[in-house]
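Each chain gets a letter, A, B and so on, in the order its sequence line appears, and its residues count up from 1.
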Protein chains: 2
Amino acid sequence: MKPAIIRNGEQPGESETERAARLIRRAGARATPARVRVLRLLRSAPTALSHHEIEQSLGDLALDRVTLYRVLDWLVATGLAHRNADTRRTFRFSAASGSEHSAHSHFRCDGCGRVFCLDAAPPPPPRLPEGFLLSRIELDLRGRCAQCAGGAQ
Amino acid sequence: MKPAIIRNGEQPGESETERAARLIRRAGARATPARVRVLRLLRSAPTALSHHEIEQSLGDLALDRVTLYRVLDWLVATGLAHRNADTRRTFRFSAASGSEHSAHSHFRCDGCGRVFCLDAAPPPPPRLPEGFLLSRIELDLRGRCAQCAGGAQ
DNA sequence: CGGGTATCTGCAACAGAGTTGCAGGTACCA
DNA sequence: TGGTACCTGCAACTCTGTTGCAGATACCCG
Ligand SMILES: [Mn+2]
Ligand SMILES: [Mn+2]
Ligand SMILES: [Zn+2]
Ligand SMILES: [Zn+2]
C-alpha cells in the first residue's frame with residue numbers, strides 16, 4: 001500500500017492541481033507553477049477575484065505582480081477565465097465555468113467591489129428604437145453583499 | 001433695440017451656455033465656468049467622452065485636471081451626466097438626456113460609445129443570496145445605435 | 001450695488017492599476 | 001540529457017483617479 005505522497009510544497013488536493021495543469025496544456029502552453037496556481041485558485045473561488053485578491057490568496061506561493069498580470073491575460077485570451085470591470089474600475093477574474101458563461105447576471109457590491117455570479121434568468125428583450133441592433137443584454141445588480149451589509153460592521 | 005452682448009471670452013452660442021448654467025443652478029450648485037463649460041461640451045458631444053478627450057476638447061478653456069475630475073463626479077452625482085466604464089477600464093461621460101433618472105435602462109453603443117436612456121420597464125428583482133441588499137437594478141443593453149448600424153458605414 | 005461666506009478651484013503630492021523592456025530561468029520536446 | 005522557445009522576475013514607467021489644503025469667487029443678503 002503506497003503512502004500518500006505530497007510533492008514539493010504542494011498542498012494536498014493534488015487532483016485539482018493536475019486538472020488545472022491539464023487544461024493549460026490542452027490550451028497549448030506550458031503548465032508552469034504560476035499558471036497552475038492561478039487557475040486552480042480561480043476554479044475554486046466562489047466569486048470573481050481582483051488581481052490584488054489573487055495575490056493575497058496565493059500567500060507564500062505569490063507570484064511577481066507582473067507575472068500575475070500576464071498569467072491572467074493569458075487565461076482570458078485562451079478563454080479559461082473571463083474578466084469584467086467592477087464599479088471601481090478594476091478588473092475581476094473568474095474561471096470560465098466548464099459549461100457556458102452566457103446567460104446569467106452579476107451582482108456588484110458597492111462596499112467591497114466584488115462581483116457575484118447569479119443564476120437569474122436572462123431578462124426579456126425590450127423594445128428598442130428604430131434601427132438599433134442588440135448584441136448583448138445583461139442584468140446589472142448593485143448593492144451590498146452579505147458580508148458588507150451584515151452586522152460585522 | 002439692444003445690441004447683442006457677448007460676455008467675457010465666451011463664444012457666441014450664448015443660449016446653450018445659459019441653458020447649461022440653468023441646469024446646474026437647478027441642481028442646487030454654483031454655475032461656475034468649469035461646470036458650465038463641461039456640461040455644455042457634454043451636451044453637444046455626439047459620443048461619450050473620456051476625461052482626457054474632454055481636456056483636449058476644451059482647448060484654451062481647459063480646467064485643472066483635478067477640477068475636471070471633480071466636475072465630472074458632480075455631474076454624475078446629480079444625474080446630469082452618465083458615466084460608463086469602457087472596455088479599457090477608463091470612464092466615459094455623456095450628458096443625461098431624460099428628465100427622470102430612476103427607473104429606466106441604458107443602451108450603450110459599441111460603435112460610438114454613446115449611452116441612450118430607454119423607457120424599458122425595470123425588470124423584476126431576482127432572488128438574491130441570503131443577506132444581500134439590493135440598491136439598484138439596471139438593464140444593461142449593448143449593441144449598435146441606429147446611426148452606427150445604419151448604411152452610413 | 002458692495003461685503004461675507006460656503007462653495008469651488010488649482011496645485012502638489014500620492015495611490016492604484018496596468019504596461020514595457022530586458023536579462024535570466026525552465027518546461028517540454030527531441 | 002541537452003537546446004531552445006517560452007516564461008518569469010525585476011525595475012522603471014504610464015495612465016487614471018484621489019486627497020489635503022490654501023486661496024479664489026459665485027451667490028446671497030442687506
Ligand atoms: Mn459571471
Ligand atoms: Mn439615464
Ligand atoms: Zn461586499
Ligand atoms: Zn453609435
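When the P atom of C/dG18 is taken as reference, atom CG of A/D73 falls 9 Å away, rounded to whole Å. As rounded to whole Å, 12 Å separates atom P of C/dA17 from atom CZ of A/F91. Straight-line distance from the CG atom of B/L72 to the P atom of D/dT16: 13 Å, rounded to whole Å. As rounded to whole Å, 11 Å separates atom P of D/dG9 from atom CD of A/E55. In this structure, A/R37 places its CZ atom 12 Å from C1' of D/dT8, rounding to the nearest Å. Between A/D64 atom CG and D/dA12 atom C1' the separation is 13 Å, expressed in whole Å. Note: NE2 (A/H51) to C1' (C/dT19) measures 11 Å, nearest angstrom. The CZ atom of A/R83 sits 14 Å away from the P atom of C/dA17 (whole-angstrom rounding).
If you find the closest nucleotide of DNA chain C to A/F93 and to B/T67, the one lying nearer the 5' end belongs to B/T67.
Relative orientation of the B/Y69 and B/H51 rings is parallel, given thresholds of 30° and 60° on the angle between their planes.
As judged by a 4.0 angstrom heavy-atom cut-off over every strand, B/T32 is placed among residues touching the sugar-phosphate backbone only.
Minimum atom distance to the side chain of A/R35 is reached by D/dC7, of the listed D/dC7, D/dT18, D/dC27. Closest to the A/R25 side chain, of the nucleotides C/dC28, D/dT8, C/dG10, is C/dC28.
Proximity of B/L80 to B/L42: side-chain heavy atoms (C-beta onward) are nowhere separated by under 4.5 Å. Here the side chains of B/D73 and B/F91 are not in contact, with every heavy-atom distance at 4.5 Å or above.
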Inset, instruction - For B/H52 and B/E55, run side chain to side chain contact (heavy atoms under 4.5 Å, CB included): C-alpha distance rounded to whole Å, both residues' side-chain angles, the deciding distance at 0.1 Å, then the answer. - result: CA-CA 5 Å; B/H52 184 67; B/E55 257 187 322; 4.2 Å; yes

Inset, instruction - Dump the intermediate steps for side chain to side chain contact (heavy atoms under 4.5 Å, CB included) on A/L128 and A/L133, then the final yes or no. - result: CA-CA 8 Å; A/L128 290 176; A/L133 293 181; over 6 Å; no

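One N or O on the side chain of B/R37 and one on the backbone of B/L61 form a donor-acceptor pair closer than 3.5 Å. Listed for the A/R35 side chain is no donor-acceptor partner under 3.5 Å among the backbone atoms of A/V71.
Counting atom types as modelled, A/R65 pairs a side-chain N or O with a base atom of C/dG18 as donor and acceptor under 3.5 Å.
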Inset, instruction - Summarise how protein sits on nucleotides 19-24 of chain D as a single string, 5' to 3': B when a protein heavy atom is under 4.0 Å from the base, S for sugar-phosphate-only contact, - for no contact. - result: BB----

